[in-house]
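Everything on this sheet refers to the single structure shown next.
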Number of protein chains: 2
Amino acid sequence: MNKFLLENQICFKMHAISRLLTSHYRPLLDKLDITYPQYLVMLVLWEEEALSVKELGEQLYLDSGTLTPLLKRMESKGILERKRSEVDERSLIVRLTDSGMNMKVEAECIPDEIVKSLDMNKEEYDFLKSRLNEILNKLNQK
Amino acid sequence: MNKFLLENQICFKMHAISRLLTSHYRPLLDKLDITYPQYLVMLVLWEEEALSVKELGEQLYLDSGTLTPLLKRMESKGILERKRSEVDERSLIVRLTDSGMNMKVEAECIPDEIVKSLDMNKEEYDFLKSRLNEILNKLNQK
DNA sequence: GGCAATTATATTGTACACAATTTAATAACG
DNA sequence: CGTTATTAAATTGTGTACAATATAATTGCC
């Protein structure tokens, strides 16, 4: 096996799939006027009412260099609010506005659409998910 | 199952793994003074002597908007040459310089290092590879 | 041959991603 | 209590990604 062939590189395939999947999200997200990384922020905030940039970053594996401008763009669209914590002025607390909360209804169909384009049954999906989890954990350890 | 949980989103996991893997490549690629996308270009050019930007883009799923500046940066490092095709002046042919070719020796250990950090046996690796192939093909169809 | 499509790259503009540094607030400790 | 260390965001700079458009060369067709 020639290890230099793209064909044999799992990382390249992950990279390519990640970008292809994002391109499948794009037409769906265009309706909500958000990007894929912004959608990931929404996913977190639809479940947790308010959290700091640090906590958000831990869940998304992103740092303030990425999140600060991204959250500012979302704030300027009126989707969320950014406010310094009153307990600790270093922390910036992020929470959705009503408008942001309401977007959840419109987004209801998105996960289904994506699963459809992956064209897998539940067994395959769950299996792949647990494989990816294993990899994620391994990579995070180091 | 709450389909809005990050935990349940395969796309997010792919996205996260892709970025984590790239961060594992970084210290290895720093020695060669190239980035991960530039490394992908090298992988193709170590196998194929010369090809056009279009052909390169087909293999990497990238367009000229990404490749043109990326290849210019690589050219300015002396890794590769960009030259218009003599047969068809629209095409730009890319090929490695001797310096770029020689980098292959130094890169020899990189795939092994990455496979090591994935900590999988050959069966697991091949299995995951074929799963990813299936997904890649499905996503490409549409 | 001449002109309208098509094709290949380049350019422009926006949005991540991330390393490195800076700033401001809080914690820790003698 | 004051100084040092730590922490959380913000900023700066570089490098992808990608949509949309522009430019230039080639092809197709009458």
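These values consider heavy atoms only, across backbone and side chains, with no hydrogens, waters or symmetry-generated copies. Order of the sequence lines fixes the chain letters, A, B, ..., with proteins taken first and strands second; residue numbering starts at 1 for each chain.
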Output the rounded distance in Å from CG (Leu56(B)) to P (dA8(C)).
14 Å

Using 0.5 Å steps for rounding, measure from the CG atom of Leu71(B) to the CZ atom of Arg82(B).
6.5 Å

Nucleotides 11-14 of chain C: which of its N/O atoms have a protein N/O under 3.5 Å away?
{"from": "dT11(C)", "atom 1": "OP2", "to": "Lys72(B)", "atom 2": "NZ", "distance (Å)": "2.7"}

Spacing between Lys54(B) atom NZ and dT26(D) atom C1', to the nearest angstrom:
14 Å

Students often mix this up, so state it plainly: with edges at 30° and 60°, are the rings of Tyr36(B) and Tyr25(B) parallel, tilted or perpendicular?
tilted

Please determine whether a side-chain nitrogen of the Lys or Arg among Glu47(B) and Lys104(B) lies less than 4.0 Å from a carboxylate oxygen of the Asp or Glu.
yes

When rounded to whole Å, the CZ to P distance for the pair Phe12(B) and dA17(C) reads 10 Å

Looking only at heavy atoms, the pair that brings Leu21(B) and Cys11(A) closest together is CB-SG, 3.5 Å

Does dA17(C) have OP1 or OP2 sitting under 4.0 Å from an N or O in the side chain of His15(B)?
yes

Starting at the 5' end of DNA chain D, which residue's closest nucleotide do you reach first, Leu20(A) or Ile93(A)?
Ile93(A)

Spacing of Arg19(B) atom CZ relative to dA19(C) atom P, expressed in whole Å
11 Å

Working to the nearest 0.5 angstrom, can you tell me the gap between Glu106(A) CD and Leu28(A) CG?
12.0 Å

Atom CD of Glu58(A) to atom C1' of dA8(D): distance rounded to whole Å?
11 Å

Out of dT26(D), dT6(D), dA17(D), which has the shortest distance to the side chain of Arg90(B)?
dT26(D)

Would you indicate what Leu62(B) reaches in the nucleic acid, counting non-hydrogen atoms under 4.0 angstrom: base, sugar-phosphate, or nothing?
sugar-phosphate

Rounding to an integer number of Å, can you tell me how far Arg84(B) CZ sits from dA25(D) P?
9 Å

I'd like to know whether Lys72(B) forms a salt bridge (Lys or Arg N to Asp or Glu O under 4.0 Å) with Glu75(B), so could you lay out the CA-CA distance, the side-chain angles of the two residues, the decisive distance to 0.1 Å, and finally the verdict.
CA-CA 5 Å; Lys72(B) 281 182 179 174; Glu75(B) 185 181 39; over 6 Å; no

Within residues 25-48 of chain B, those residues having any heavy atom closer than 4.0 Å to DNA chain D are Thr35(B), Pro37(B), Gln38(B)

Is any NZ, NE, NH1 or NH2 atom of the basic residue among Lys116(B) and Glu113(B) found under 4.0 Å from an Asp or Glu carboxylate oxygen of the other?
yes

Check every atom of dT9(C), dC16(C), dA10(D) against the side chain of Leu92(A) and return the nucleotide holding the closest atom.
dA10(D)

Length of the line joining Asp63(A):CG and dG13(D):C1', which is rounded to integer Å:
14 Å

What nucleic acid atoms does Ser52(B) come within less than 4.0 Å of, heavy atoms only: base, sugar-phosphate, or nothing?
sugar-phosphate

Using atom NZ of Lys83(B) as one end and atom C1' of dA8(C) as the other, report the distance to the nearest whole Å.
18 Å

Would you tell me whether Glu7(A) and Asn133(B) have side-chain atoms, one donor and one acceptor, within less than 3.5 Å of each other?
yes

So do the side chains of Val94(A) and Leu67(A) get within less than 4.5 Å of each other, counting heavy atoms only?
no

